[in-house]
Amino acid sequence: RTLKVVLLMSFLIIVLLVLIVRPVAHEIIELVYNGEAHHLLNRLITGQSLAPLSEYLTLFDDYTKKLAIEIAVLVIFPIAVILAKKSDEKKKTGVGEGALAAYVLIAWFVTFILFNPTLYAYENPHYKAIEGIYYNNWDAAHKLPMIPGYHWLVAKLSVFTGPRLEFSRFITLAMSLVALVIYKKTSETYQDANTGHSVLLFALLPILWPYTSLVYTDASSVLFVIAAAWAVTRERFFLSAIFMLIACFIRQSNMLWVVFMSMWVSLDCWKQWRSEIQGEKPLFNRELVQRLLPRVAGYGLVILGIGILL
């Protein structure tokens, strides 16, 4: 119930601010662009209106979309942080950090869909690739700088709806929400007490959050890298390698994370082995190699396979 109220309040605040700010911003931009800044200064000094009342009714033009998205950032962040603080002070509020993290992503998705229903920035080449793959035309996909694994997945999931921008963005959101859950499960291995905080911080991560509702590869790539890390914490190393293979088919730069995973597993294995022998044997021997190889073999195959493909 609390989340519903917060989401409704967020939307109402966004609409209210857009209605108030948009006409003023529109005319300010127009005056400055036309080199008439002195007229703007004169109006401000004399207190003249910057826009007629009819301007308030033009809600869905380009300026409004941009303003709404910018205002949403200013609204969603503080609400999430304030509720998280309240959740700390009163544990019976019923609002956990995990729910707040989901609220952040969903609120951003709703805002973006409502105020920017067209292709945004570099969504264009990604969406064209999805559309092309859906119709069995790979020309746009071959022009992408990454392996089109994400685009192929979205195209296949669009079998019932056809290529639609809203559905493609929804798939990205769904992957982002799954990433939150897996991140929470993974972080519990290392920080039980602060897991909720880390999940909320993950949702608010500035270099990831804006892309959780866009037709970009960032969120899906992070999902499978985190899934690989989760598999390592459960000592399911071959499954981790499979997740990293999928991540590399989304972004080949994830090869760096394959190397990281193999080094992480190797170091943990070595530490475990040294604690068992209590330093009685050399740093490396056949027993260690026999224990290590099954754990890192999958990562080696991923590196070899992607290297050959590229």
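The figures that follow rest on heavy atoms only: side chains count, while hydrogens, waters and symmetry mates do not.
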Cluster overlap [X] with [Y], hydrophobic side-chain contacts below 4.5 Å:
X	Y	result
L180	F170	yes
L304	V258	no
V178	F224	yes
W230	V181	no
W257	L301	no

Determine yes or no for a side-chain-to-main-chain donor-acceptor pair under 3.5 angstrom, with [X] supplying the side chain and [Y] the backbone.
X	Y	answer
Y216	Y122	yes
E166	I113	no
T212	L208	no

Would you give the length of the straight line joining atom [atom1] of [X] to atom [atom2] of [Y], rounded to the nearest 0.5 angstrom?
X	Y	atom1	atom2	result
S213	I171	OG	CD1	13.0 Å
S266	R295	OG	CZ	9.5 Å
W152	L157	CH2	CG	8.5 Å
E188	S198	CD	OG	9.0 Å
W209	L201	CH2	CG	14.0 Å

Ignoring hydrogens and angles, state whether a donor on the side chain of Y211 or T217 is under 3.5 Å from an acceptor on the partner side chain. no

Please tell me if the side chains of [X] and [Y] come closer than 4.5 Å, counting only heavy atoms from C-beta onward.
X	Y	answer
I133	N137	no
M261	V225	yes
R169	L173	no
S158	T161	yes
W138	P148	yes

Please walk me through it: do S176 and F109 pass side chain to side chain contact (heavy atoms under 4.5 Å, CB included)? CA-CA 11 Å; S176 303; F109 172 77; over 6 Å; no

Mutual orientation of the aromatic rings belonging to F260 and W264 [parallel < 30°, tilted 30-60°, perpendicular > 60°]: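 Tilted.
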
Run the side chain to side chain donor-acceptor pair (under 3.5 Å) test on S221 and Y150 for me, step by step, so that the C-alpha distance in whole Å, both residues' side-chain angles and the decisive distance to 0.1 Å come before the verdict. CA-CA 8 Å; S221 174; Y150 163 79; over 6 Å; no

Taking all non-hydrogen atoms of both residues into account, name the closest pair between S168 and V215 and its distance.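 Answer, listing the atom of S168 first, then V215: CB-CG2, 3.8 Å.
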
Which heavy atom in L105 sits nearest to a heavy atom in A203, and how many Å separate them?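 The answer is CD2-O, 3.9 Å.
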
For T172 and L214, what are the C-alpha separation, side-chain angles and deciding distance, and is it a side chain to side chain contact (heavy atoms under 4.5 Å, CB included)? CA-CA 7 Å; T172 304; L214 292 173; 5.9 Å; no

Determine whether I147 and C248 satisfy the following criterion, side chain to side chain contact (heavy atoms under 4.5 Å, CB included), listing intermediate values before the conclusion. CA-CA 8 Å; I147 302 173; C248 289; 5.8 Å; no

Evaluate side chain to side chain contact (heavy atoms under 4.5 Å, CB included) for R234 paired with T189, printing each intermediate quantity in order. CA-CA 9 Å; R234 300 306 189 269; T189 306; 3.5 Å; yes

Distance-only criterion, 3.5 Å: show the donor-acceptor pairs between side-chain atoms of residues 124-132 and protein atoms not counting sequence neighbours.
| residue | atom | partner | partner atom | Å |
| --- | --- | --- | --- | --- |
| H126 | ND1 | H151 | NE2 | 2.8 |
| Y127 | OH | P163 | O | 2.8 |
| Y127 | OH | R164 | N | 3.4 |

Name the residue from L153, V222, D218 that meets the side-chain contact (heavy atoms from CB on, under 4.5 Å) definition with M175.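 The residue from L153, V222, D218 that satisfies side-chain contact (heavy atoms from CB on, under 4.5 Å) with M175 turns out to be L153.
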
Take a 6.0 Å sphere around CD1 of I207 and say whether it holds more than 12 heavy atoms from other residues, nucleotides or ligands.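 Atom CD1 in I207 is not crowded, with 12 or fewer foreign heavy atoms closer than 6.0 Å.
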
Which donor-acceptor pairs under 3.5 Å do side chains of residues 235-246 form with protein atoms, sequence neighbours excluded?
| residue | atom | partner | partner atom | Å |
| --- | --- | --- | --- | --- |
| S240 | OG | A228 | O | 2.9 |
| S240 | OG | Y299 | OH | 2.7 |

